[in-house]
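As structure tokens, the structure follows; a few thoughts come after it.
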Amino acid sequence: MPELPEVEVVRRGIVEHAVGAAIDKATVYDGRSVRRHLGGPTDFEDRLVGRTVAGVGRRGKYLWLRLDNDDAVLTHLGMSGQVLIQRPDLVAQKHLRIVFDLDNGRQLRFVDQRIFGGMLVSDGGADLPAEIAHIARDPSDPAFDVDLFAERLKRRRTGIKRALLDQGLVSGIGNIYADEALWLAKLHYARATDTMRKSEVIGLLNVIRDVFTSALSQGGTSFDALYVNVNGESGYFDRSLEAYGQEGLPCSRCGTPIRRDSFMNRSSYTCPACQPRPRNGRW
DNA sequence: GCTTGCGCCTGAATGC
DNA sequence: TGCATTCAGGCGCAAG
């Protein structure tokens with residue numbers, strides 16, 4: 001699924017290939033991809049015709065097209081979403097859900113196999129859509145407030161992984177990203193947030209930033225004018241994972257087999273030696 | 001107010 | 001072979 005670096009790559013791709021273009025026509029092929037747009041598919045389409053894309057914003061894994069009337073097209077890729085900029089004559093993808101015909105001779109296509117993602121028109125949301133005002137900044141955002149984050153962690157009564165996955169606390173971190181960051185920082189997912197030392201919090205944030213930065217430098221070259229890369233299998237799956245999905249394989253630091261635990265209806269991977277379970281851990 | 005768990009989806013992988 | 005079941009995941013929402 002697209003992780004934070006991939007979403008930023010998509011944002012930059014849209015900036016390059018769609019900003020300044022007007023939307024001649026919008027077509028929703030699957031209403032489920034706009035289910036969060038309360039006015040329904042027809043209203044969604046109608047409100048975009050004639051609008052110009054003035055810019056592209058991002059908060060966590062959410063993207064939005066800033067429109068010239070101060071509205072926004074809020075977009076989330078979910079687990080399998082792609083945004084493609086293509087020629088209109090290219091054959092439609094199997095899971096093509098939404099198409100914008102742009103006046104620059106291109107189409108902006110939203111393709112999403114599992115429909116966990118979607119789009120909606122946000123009233124007056126060009127600056128920051130109200131629908132995502134509750135989403136925190138990501139650790140690579142210059143305005144991310146480390147002190148505030150550490151303080152809020154301290155007040156939580158939960159485990160560090162839950163906290164990392166809570167987009168209201170810090171955004172952009174999914175299950176894979178969380179497991180890899182915790183492995184790098186040698187922290188167990190059940191570590192109680194209120195026992196975290198400031199230095200540990202800072203170390204964890206630095207690890208997350210490092211992964212983001214290196215992924216971004218690699219992802220930035222992987223698309224051209226006709227394809228804004230959001231390949232669902234790119235990014236993390238191209239890199240070598242240290243913990244996620246490595247059950248039974250030796251930890252690259254110490255050789256202990258990586259273990260898999262069921263956690264929050266999904267999997268968590270840890271090195272039992274490098275990341276020992278805390279005595280007073282919290283889920 | 002905070003924490004926890006469900007349900008939305010598809011298709012690949014697995015089980016019988 | 002073929003059908004049925006399980007699993008993966010982000011996020012909104014409701015229940016605790």
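Chain identifiers are assigned alphabetically (A, B, ...) following the order of the sequence lines, protein sequences preceding nucleic acid strands; residue numbering begins at 1 within each chain. Quantities reported herein were computed from a predicted structural model and do not represent experimental measurements.
- Contacts of A/Thr52 classified as side chain to side chain contact (heavy atoms under 4.5 Å, CB included), with partners at least two apart in sequence or in another chain: A/Ala22, A/Asp68.
- Distance, A/Arg162 CZ to C/dG10 C1': 14 Å, rounded to whole Å.
- One can place CG of A/Asp112 at 20 Å from P of C/dA8, the figure rounded to the nearest angstrom.
- Using a 4.0 Å cut-off between charged nitrogen and carboxylate oxygen, A/Arg191 and A/Glu200 count as a salt-bridge pair.
- Looking at which nucleotide of DNA chain B each of A/Asp166 and A/Arg266 is closest to, the 5′-most match is held by A/Asp166.
- Counting to the nearest Å, the P atom of C/dG10 and the CD1 atom of A/Ile115 are 18 Å from each other.
- Here B/dG1 presents its C1' atom at 12 Å from CZ of A/Arg152, a figure rounded to the nearest Å.
- Note: CD (A/Glu3) to P (C/dA8) measures 16 Å, nearest angstrom.
- Summary of the strand contacts: A/Arg114 and A/Glu131 both lie near DNA chain C, and taking for each the nucleotide with the nearest heavy atom, the more 5' one is attributed to A/Arg114.
- Of the candidate nucleotides C/dG10, C/dC11, B/dT4, C/dC11 has the atom nearest to the side chain of A/Tyr62.
- One finds no salt bridge joining A/Asp145 and A/Arg137 here, because no Lys/Arg side-chain nitrogen approaches an Asp/Glu carboxylate oxygen to under 4.0 Å.
- The backbone N or O of A/Gly117 sits less than 3.5 Å from a side-chain atom of A/Asp112, completing a donor-acceptor pair.
- The nearest whole Å value for the distance from the NE2 atom in A/His134 to the C1' atom in B/dC2 is 15 Å.
- For A/Asp138 and A/Ser171, the side-chain atoms include no donor-acceptor pair closer than 3.5 Å.
- Per the geometry, CD belonging to A/Gln113 stands 14 Å off P belonging to B/dC9, to the nearest Å.
- Remark: A/Lys94 is in phosphate contact with B/dG11, judged by side-chain N or O atoms under 4.0 Å from OP1 or OP2.
- Rounded to 10 degrees, the angle separating the terminal helix axes of the helix from B/dC2-C/dG16 to B/dC16-C/dG2, each built from five base pairs, is 60°.
- Proximity note for A/Arg260 (side chain, C-beta onward) versus C/dG10, B/dC9, C/dA8: the nearest is C/dA8.
- Here the nucleotide nearest the side chain of A/Arg35, chosen from B/dC9, C/dG10, C/dC11, is B/dC9.
- In this structure, A/His37 and A/Phe44 have perpendicular ring planes: the angle between them is above 60°, well past the 30° mark.
- Straight-line distance from the CZ atom of A/Arg32 to the C1' atom of C/dG10: 17 Å, rounded to whole Å.
- The side chain of A/Ser267 lies closest to C/dA8 when the candidates are C/dC11, B/dC8, C/dA8.
- Set against B/dT3, C/dG12, C/dG10, the side chain of A/Arg156 has B/dT3 as its closest nucleotide.
- Using a 4.0 Å cut-off between charged nitrogen and carboxylate oxygen, A/Arg11 and A/Glu8 count as a salt-bridge pair.
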